[in-house]
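Beneath this line is the structure, given in structure tokens, with notes to follow.
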2 protein chains.
Amino acid sequence: MHDRRMSEESETRGNRARQSRPTMADVAAKVGVSRALVSLVFRNEPGASKETRERVFQAADELGYRPDSAAQMLARSRSKVLGVMLTVRNPFHADIVEGIYPVAEQHGYDILLSATAPTRDERKAVEALLSHRCEGLIMLGPNMEARHLAELAERIPVVAVGRRFPGVEVDSVHTAEAKGVRQAIDHLVELGHSAITHIDGGKGAGSVERRRAYRAAMRKHGLAGHIQVLPGDHTEESGAQAAMALLADRVNMATAILAGNDRCAIGFLDAVWRAGLRVPGDISVVGYDDSHLAHLSHIDLTTVRQDPDRQAELAVRAVAERLDGVRSEVRELVLDPKFVARGTTGPPPRRG
Amino acid sequence: MHDRRMSEESETRGNRARQSRPTMADVAAKVGVSRALVSLVFRNEPGASKETRERVFQAADELGYRPDSAAQMLARSRSKVLGVMLTVRNPFHADIVEGIYPVAEQHGYDILLSATAPTRDERKAVEALLSHRCEGLIMLGPNMEARHLAELAERIPVVAVGRRFPGVEVDSVHTAEAKGVRQAIDHLVELGHSAITHIDGGKGAGSVERRRAYRAAMRKHGLAGHIQVLPGDHTEESGAQAAMALLADRVNMATAILAGNDRCAIGFLDAVWRAGLRVPGDISVVGYDDSHLAHLSHIDLTTVRQDPDRQAELAVRAVAERLDGVRSEVRELVLDPKFVARGTTGPPPRRG
DNA sequence: CCCGACTGCTAGAGCGCGCTAGTAGAGCGC
DNA sequence: GCGCTCTACTAGCGCGCTCTAGCAGTCGGG
């Protein structure tokens, strides 16, 4: 086998990419029908007998034929591809991506992923998607400026997930942040907490809304004097740092924490556990997202659920509607969050 | 602006993807030259005068022309696209992906990502990549059967990252697992540990090798009697469960843990911290991967570094070499792991 | 003045597919 | 016998581009 491959290589003078990729014509020839018929069969269009269909599929399978999406794109006006921009390291994005695949398939779309990373900004990620002929863009927690997004949205249907862009002509899917935060604060207050500190999400998706809602909820409960917002972002690191800051002054330490998101909450938990505090005995912690990290049994994080599958579904649908020309007005889809009380919240410690 | 889009939509009868996308022919017409010349100019090939080049670029700019990558792919034999299969939830994969982008760019390749997920198995992920005309495949921690991989590799250059496939004709990049494990055990033994338990990685990449190396290293140190392998996999959950199992019998509890990977170690840490144990005071923990989770300051995990950037580089290079026809024999690239002592290991507790 | 080489350009054949406009043949009523 | 419909299939153009072959025109050497 090894030898065979080597000889093939020399035969084809380095033009290996196509050395054996079968085409529709190959399948057609094998079955003894026309190329057009094979095309029909693969597009699942009527006009071929059941028997022929089976023979076509069988032949295709034997040859290892896969439709060439470049040729498909070129031939039909629709590429049937949606691009998804995400941050590879974000577990909540992972949850949404998992939800996107099945919904997209159901709508007849293929999915292309493009990651942002420290060395690869959002514009680069989007350009890659565009040059691959995506018809629509799903942007998970986009950080770009509103006007860039708006420019993009003029050229191609775009939906921003997890972040609001008020006044920008872009569809968006996000959670009613204020509501989730309010429920979380209500829960903590009910348990008896009053010193509730918020770890900020910085430039993260939804942070502005969560921060504002935190302040409002605290005031609503007459706890304006206890408002404390620690700087942070949506990483474990920032949660741990906030923990260190709090631990430096244990006497006046808050009895409960509302973290900017789950990752931040987990960083916080790690740090306080390590410092020997009991959760929720010494301090209560609430996250945000309910990413799969949160319901791991050993974390058992009280958090605010943002249904990722539902967000995925709505995002795909939003883009699909635009592409089908069903809708042209901007739509902001707001999901109800769901507060989930788990094991990291309880009554505040008694202080002597 | 909004209105403009709507009217365009109705004009083009829903055929929005191509509503006004200019082609090479448009540019050629505008400049008054042939399509072929425009093609030359855009490919930066010799054969056009400087003056003409400028006119072409100017016209293209005015028309907003962008080359259509689908048509390019179709027309030229090389697509210059590499496919990367990953598990979107795996932080170590995220680290590698981040390393792949710059190296690929440097080699002139574009990157397509395809994720596996519970609802989307590896074959599906790979099919998506293939139908998008990837010339080569980088598979991160593939779980598929060896013969499937072999079949794939017959058609297209494939490199498996993080997992060995002995006897299979596939390039691979992975770490010398045994060496890393040996160093970890040496370190623990030096610190005075003898009751060192391994949490198994199940079907995870490298698990078999790590388990075997653990046993060998223990025997080498005359600790065969202390060999203990707890079942697990590469998730936080399994680490936490192993912790629970150990905590059930504190008296005979191991003094040190070698986890299957970092995620598992972190799950373990969370659980023991939460149970009030001190790390490393009560128990030492070693991870594996040195993913970015490990060097977060609050985790500060002693672990075995598998350089993800280096793995990314070697993987891209391996595929690129195949594609350039430079090499045709199978290559197994084995990286030296690097043991990194951080804050989760120390001398064992004294027992009275 | 002719030959060859070189420059700057063009014609036209694909790449693999989708899709429209057909055709061939069977069945059926009258 | 005819027209009709219906099923099962085919021919062939075009999507936007790349790339080979080739064609005018210029220039320099013999």
Side-chain angles (χ1 to χ4, degrees), chain A residues 13 15 17-56 60 63-81 108 110 130-133 135, chain B residues 12-56 60 63-81 130-135:
Chain A
R13 291 153 300 150
N15 185 1
R18 291 176 30 247
Q19 62 186 9
S20 64
R21 182 164 185 160
T23 75
M24 221 169 225
D26 297 326
V27 178
K30 177 152 186 166
V31 180
V33 296
S34 72
R35 215 179 36 73
L37 226 209
V38 178
S39 175
L40 279 185
V41 171
F42 267 89
R43 280 176 291 138
N44 205 20
E45 298 260 308
S49 68
K50 205 156 194 169
E51 191 186 310
T52 314
R53 276 178 206 280
E54 277 171 18
R55 285 170 56 217
V56 166
L63 291 174
Y65 168 77
R66 314 244 94 258
D68 181 329
S69 76
Q72 286 181 322
M73 280 190 202
L74 197 58
R76 67 182 167 215
S77 44
R78 305 274 312 250
S79 75
K80 284 296 194 177
V81 172
D110 205 0
L130 288 183
S131 83
H132 282 282
R133 266 192 172 233
E135 288 185 63
Chain B
T12 52
R13 292 153 300 152
N15 184 0
R16 306 171 70 266
R18 291 176 29 246
Q19 57 188 11
S20 62
R21 184 163 184 166
T23 76
M24 218 168 229
D26 296 327
V27 178
K30 177 150 185 168
V31 181
V33 295
S34 72
R35 222 170 26 72
L37 225 210
V38 179
S39 175
L40 279 185
V41 172
F42 267 89
R43 279 176 293 138
N44 206 21
E45 297 260 310
S49 67
K50 205 155 195 171
E51 192 186 310
T52 315
R53 278 178 204 279
E54 277 171 18
R55 285 170 59 217
V56 166
L63 291 174
Y65 169 77
R66 318 199 86 251
D68 182 327
S69 78
Q72 284 180 324
M73 276 195 204
L74 195 58
R76 69 178 163 224
S77 46
R78 306 276 311 249
S79 72
K80 283 296 193 177
V81 172
L130 289 183
S131 83
H132 282 282
R133 263 188 176 241
C134 290
E135 288 184 61

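Residue numbering restarts at 1 for every chain, and letters A, B, ... go by the order of the sequence lines.
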- Reckon A48(A) touches a base, only the sugar-phosphate, or nothing at all at heavy-atom distances under 4.0 Å?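 Sugar-phosphate contact only.
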- Query: P67(A) near the nucleic acid: base, sugar-phosphate alone, or nothing, with a heavy-atom cut-off under 4.0 Å?
  - Reply: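 Since only primed, P, OP1 and OP2 atoms lie under 4.0 Å of P67(A), the category is sugar-phosphate.
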Residue [X], side-chain atoms from C-beta onward, closest of [options]:
| X | options | result |
| --- | --- | --- |
| A75(A) | dG14(C), dG14(D), dG8(C) | dG14(D) |
| S39(B) | dT10(C), dC13(D), dT18(D) | dT18(D) |
| A36(A) | dA11(D), dA11(C), dG16(C) | dA11(D) |
| M24(B) | dC9(D), dC17(C), dT18(D) | dT18(D) |
| S49(B) | dC17(C), dG8(C), dG16(D) | dG8(C) |
| L37(A) | dG18(C), dC17(C), dT10(D) | dT10(D) |

- Message: Using Watson-Crick or G-U wobble geometry with both distances under 3.5 Å, which nucleotide pairs with dG29(C)?
- Response: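 Base-paired to dC2(D).
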- Task: Any strand is fair game: report the nucleotide pairing with dG12(D) by Watson-Crick or G-U wobble, both distances under 3.5 Å, or none.
- Result: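 Looking at the geometry, dG12(D) pairs with dC19(C).
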Is the phosphate of [N], meaning OP1 or OP2, less than 4.0 Å from a side-chain N or O of [X]?
| X | N | value |
| --- | --- | --- |
| T52(A) | dA8(D) | no |
| R43(A) | dC19(C) | yes |
| T23(A) | dG16(C) | no |
| Q72(A) | dC17(C) | no |

When the distance from [atom1] of [X] to [atom2] of [N] is rounded to whole Å, what number comes out?
| X | N | atom1 | atom2 | value |
| --- | --- | --- | --- | --- |
| R66(B) | dC17(D) | CZ | P | 12 Å |
| L40(A) | dC19(C) | CG | P | 10 Å |
| E45(B) | dT7(C) | CD | P | 15 Å |
| R133(A) | dG16(D) | CZ | P | 7 Å |

- Query: Can you find a donor-acceptor N/O pair under 3.5 angstrom joining the side chain of R21(A) to the base of dG16(C)?
  - Reply: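 Looking at the base of dG16(C), it does not pair with any donor or acceptor on the side chain of R21(A) (distance under 3.5 Å).
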- For residues M73(B) and R133(B), report the shortest heavy-atom separation together with the two atoms involved.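 Residues M73(B) and R133(B), closest heavy atoms: O-NH1, 3.0 Å.
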- Taking side chain to side chain donor-acceptor pair (under 3.5 Å) as the test, write out the residues that go with T52(A), two or more places apart.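 Checked T52(A) against side chain to side chain donor-acceptor pair (under 3.5 Å); matches are S49(A).
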- Message: Need to verify one output field. Residue with the more 5' nearest nucleotide on DNA chain D, R55(A) or R35(A)?
- Response: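 In this pair, the answer is R55(A).
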